[in-house]
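One structure is given here, and the rest of the page talks about it.
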Amino acid sequence: LKVGLPPSRMTERARTEAADCPQIRIVDDWTFEEYWQAVADARVFAMALTPGLNRCTADQTLLNAMSLGTLVVATDSISSRLYIRAPT
């Protein structure tokens with residue numbers, strides 16, 4: 001499992017938390033091309049958003065992942081409500 005996070009103190013905390021889980025890799029240094037290749041190669045793309053947002057966020061990221069055929073999972077926000085539908 002690759003978890004992409006921007007460089008920050010929280011990223012270092014996530015890296016520490018995942019240290020005992022060899023199947024989890026925290027990545028904070030992808031180039032633009034490497035990031036989109038990882039999205040294209042992914043079977044599932046999860047986007048953690050601040051729940052309940054009433055403004056758009058991550059629209060382009062969600063749409064790009066979906067257009068590449070990746071299953072997208074995101075927390076509740078206006079963007080995810082607009083673009084992601086639960087199977088019926």
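Note: Phe45 CZ to Met66 CE = 10.5 Å, rounded to the nearest 0.5 Å.
Put simply, Val73 and Leu62 are part of two different groups of oily side chains (I, L, V, M, F, W, Y) that touch within less than 4.5 Å, one to the next. Tyr35 and Leu71 are assigned to two separate hydrophobic clusters, defined by single-linkage of ILVMFWY side chains at heavy-atom distances under 4.5 Å. Cluster annotation: Val39 and Trp30 are assigned to the same hydrophobic cluster (Ile/Leu/Val/Met/Phe/Trp/Tyr, side-chain heavy-atom contacts under 4.5 Å, transitive).
Using a 4.5 Å heavy-atom cutoff, the side chains of Phe32 and Gln37 are not in contact.
Note on residues 33-49: no pairs pass salt bridge (Lys or Arg N to Asp or Glu O under 4.0 Å), not counting sequence neighbours.
Other residues sharing a hydrophobic cluster with Met10 under the 4.5 Å side-chain heavy-atom criterion for ILVMFWY residues do not exist; the residue is a singleton.
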- Item | Derivation and outcome, side chain to side chain contact (heavy atoms under 4.5 Å, CB included), residues Val3 and Val27 | CA-CA 6 Å; Val3 178; Val27 182; over 6 Å; no

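Of all heavy-atom pairs spanning Ala65 and Trp36, the tightest one is N-CZ3, 4.5 Å. Of all heavy-atom pairs between Thr70 and Val44, the closest is CG2-C, 3.8 Å.
For Arg15, the side-chain contact (heavy atoms from CB on, under 4.5 Å) partners are Thr11, Glu12, Ile26, Asp28, not counting sequence neighbours.
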